[in-house]
Structures are given as C-alpha cells and as structure tokens.
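Scroll down for the structure; my scribbles are underneath it.
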Amino acid sequence: MRRAFYNRPVLEVARDLIGCVVEHEDCAGVIVETEAYHDSEPASHAFIGLTPRTRVLFGPPGVAYVYRSYGIHALLNAVTEPEGVGAAVLFRALEPLSGIDTMRARRGVSAERELCSGPGKLTQALGIGLEYNGTDLVRGPIRIAPRPRAWRETHVAVSPRIGITKAAELPWRFCASGSRFLSRSR
DNA sequence: CATGGGATTGACT
DNA sequence: GTCAATCCCATGC
C-alpha cells in the first residue's frame, strides 16, 4: 500500500486492512483480525506521550511498530495518522497464503489454523522480531498488498478489543466475518 | 538503581 | 478454568 493509505484515521485503516495481504520474504497471509490504538485512550502505548519506546508510534505513517509483549512475543503494528499523532493498527491474525511450510517450521506446529491465529503467533510464523521496529511498510522488508479479488467484498465485524484492561469497552477490533483463522482468546 | 506491569501463549487441572 | 514464562521500559527513590 502507498503512504497515503496509512496517513488516515486509525479506525479507517484498521477496517480497510481486513482482507489485505502481509508479505515478508517468502511468507504471506491475508489479514483477518486487527485492532486500533490511539494516543487519546489509555490502552495505547502512546497514551503516556513521547518516550524512547513510543518514538516510532509518533513518527510518520506506514512504518512498523514492533514491541515485546509479556517478555516473550513480538507484536506487529502499522503506524497510522500524520506524524505527531501516536496511532497504530495491531495485526492480530492472518489466514496463511504462502510460505506455509516455512511457517510450520518456525511455529513448530502443522495445523494451518494454529500458524497465525494470534498476534504473537503471526510474527513468529513470518519471522518478524524486534529488529523490524521502525522499518518501512511501503518499501519493505515487510509490505502490505491490496486485497485479492476474492477478498474484495469481505464483510467486516466490529467488536471490543481483546486482552486489555483499560478502555476495554471501545469497539475497535475488526474481523473478517466468519473467518476460521481468528485468535481465540477473549 | 530497583521495581512492577503487560496489546500472549501453551501447558496443565 | 488457572498459571508461569520472560524482558523491555516507565516510574520512583
């Protein structure tokens, strides 16, 4: 996608990313679940303002924000909105498209539904670690491609975000309706 | 410099 | 259903 795609309100970008394709080297998957985060609400890392950790979130749109969660997992976000606004879309689940055997090897499981059905799972499957924080989503190495034709008319379901304690009531989670590749937690 | 808390996952009861 | 693993970073002394 072009830079202008990301330079829009985070809720629009989070919804429009459903059905698009994340590509990294030989692996790719269709985005079936996202969440939006914005510096105006306390669940966002950017809520505390500009710090070394949140520098990327307040930077230009179309950049990857990757951070470590619970000391174990790397979580991938796409920075949105103009520079100076701290907003990003969390990638929560993909439907595997290509490089599936590579994903199986990295994840250590074989079932396709277990490869990318969670924010920590999909980064492991695609080989995305903290070293990708701040990299460009327009030029790569990680890129987002437009929806394949089959995903052009996908219905998007909206619901509250998962796994947070603050601002948990906001309906800022977006899913491809009926997908069998969503994350399972609540 | 010490402390505490996660935008999670997988193993176990 | 419960729970531990594990580490970056923000905060407070």
Side-chain angles (χ1 to χ4, degrees), chain A residues 6 9-18 20 22 29 31-59 61 63-81 85-96 103-135 137 142 144 156-176 179-186:
Chain A
Y6 302 99
V10 67
L11 291 174
E12 288 182 19
V13 179
R15 185 187 59 227
D16 292 350
L17 279 172
I18 298 297
C20 294
V22 182
I31 302 166
V32 294
E33 181 177 349
T34 63
E35 284 178 359
Y37 289 86
H38 189 273
D39 62 33
S40 61
E41 46 89 15
S44 171
H45 290 169
F47 184 68
I48 60 173
L50 185 57
T51 68
R53 185 193 195 192
T54 62
R55 185 186 87 258
V56 171
L57 282 172
F58 285 95
V63 168
Y65 169 57
V66 185
Y67 73 97
R68 188 172 297 292
S69 173
Y70 291 93
I72 301 174
H73 303 102
L75 269 53
L76 172 66
N77 299 251
V79 174
T80 68
E81 308 214 11
V85 179
V89 176
L90 170 69
F91 294 75
R92 287 196 57 91
L94 310 178
E95 175 174 331
M103 294 182 184
R104 287 194 174 107
R106 289 184 176 133
R107 291 273 300 120
V109 297
S110 58
E112 274 193 47
R113 236 169 304 181
E114 291 302 315
L115 295 177
C116 300
S117 54
K121 296 178 182 179
L122 69 91
T123 54
Q124 185 183 23
L126 294 187
I128 295 170
L130 295 191
E131 67 273 21
Y132 289 82
N133 188 40
T135 59
L137 293 172
I142 305 165
I144 315 293
V156 177
V158 184
S159 59
R161 295 176 294 186
I162 285 176
I164 55 173
T165 54
K166 292 165 274 190
E169 74 285 357
L170 295 177
W172 285 10
R173 174 175 178 242
F174 301 86
C175 296
S179 171
R180 306 187 334 273
F181 296 89
L182 305 177
S183 67
R184 60 178 172 81
S185 46
R186 75 203 51 233

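Naming convention: chains lettered A, B, ... in sequence-line order (proteins, then strands); numbering from 1 in each chain.
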Give me the one residue out of A:V79, A:L76, A:N77, A:L17 that meets side-chain contact (heavy atoms from CB on, under 4.5 Å) with A:V89. A:L17
For A:L130 and for A:H73, locate the closest nucleotide of DNA chain C by heavy-atom distance; then report the residue assigned to the nucleotide nearer the 5' terminus. A:H73
Is a donor-acceptor pair below 3.5 Å formed from side chain A:Y70 to base B:dA7, judging by atom type as modelled? no
Test side-chain contact (heavy atoms from CB on, under 4.5 Å) on A:C116 and A:M103 and set out the steps. CA-CA 9 Å; A:C116 300; A:M103 294 182 184; 3.9 Å; yes
Which residues in residues 41-57 of chain A have a heavy atom closer than 4.0 Å to any atom of DNA chain C? A:I48, A:T51, A:P52, A:R53
Tell me whether A:R15 contacts the main-chain N or O of A:V158 through its side chain, where contact means a donor paired with an acceptor under 3.5 Å. no
We want to know whether A:R173 and A:S159 form a side-chain donor-acceptor pair, criterion being a heavy-atom distance below 3.5 angstrom. yes
In the structure shown, which nucleotide is the Watson-Crick or G-U wobble counterpart of B:dT8, with both distances under 3.5 Å? C:dA5
May I have the distance from A:N77 (atom CG) to B:dA7 (atom P), rounded to whole angstrom? 11 Å
Side-chain donor or acceptor of A:R180 paired with backbone N/O of A:R113 under 3.5 Å: no
Is it true that the side chains of A:R106 and A:Q124 contain a donor and an acceptor less than 3.5 Å apart? no
Roughly, in whole Å, what's the span from CG in A:L75 to P in C:dT6? 18 Å
Please tabulate, for the side chains in residues 42-55 of chain A, all donor-acceptor contacts under 3.5 angstrom to protein atoms that are two or more places apart in sequence or on a different chain.
from	atom 1	to	atom 2	distance (Å)
A:S44	OG	A:A46	N	3.0
A:H45	ND1	A:Y65	OH	2.7
A:T51	OG1	A:R53	N	3.3
A:T51	OG1	A:T54	N	3.3
A:T51	OG1	A:T54	OG1	3.3
A:T54	OG1	A:G49	O	2.7
A:T54	OG1	A:T51	N	2.8
A:T54	OG1	A:T51	O	3.4

Atom-pair distance (NZ on A:K166; C1' on C:dA10), nearest Å: 11 Å
Among residues 110-129 of chain A, which residues get a heavy atom nearer than 4.0 Å to DNA chain C? none
Does B:dT8 have its OP1 or OP2 closer than 4.0 Å to a side-chain nitrogen or oxygen of A:R92? yes
Residue A:I72, side-chain atoms from C-beta onward, closest of B:dA7, B:dT9, C:dA5: C:dA5
Let me know the distance between CZ of A:F174 and C1' of B:dA7, rounded to the nearest Å. 15 Å
Taking C:dC8 as the reference, what is the distance to B:dG10 when you measure between their C1' atoms (whole Å, please)? 22 Å
Return whichever of A:E35 or A:R107 has its heavy-atom-nearest nucleotide of DNA chain B closer to the 5' end. A:E35
When you measure from the side chain of A:E33 to the backbone of A:S183, do you find a donor-acceptor pair of N or O atoms at a distance under 3.5 Å? yes
Under a 3.5 Å distance rule, please check whether A:T123 uses its side chain to pair with a backbone N or O of A:A74 as donor and acceptor. yes
Please work out if A:I164 contacts a base, only the sugar-phosphate, or nothing of the nucleic acid, heavy-atom cut-off 4.0 Å. sugar-phosphate
Would A:Y37 count as stacking on B:dA7 if stacking means ring centres less than 5.5 angstrom apart and planes tilted under 30 degrees? yes
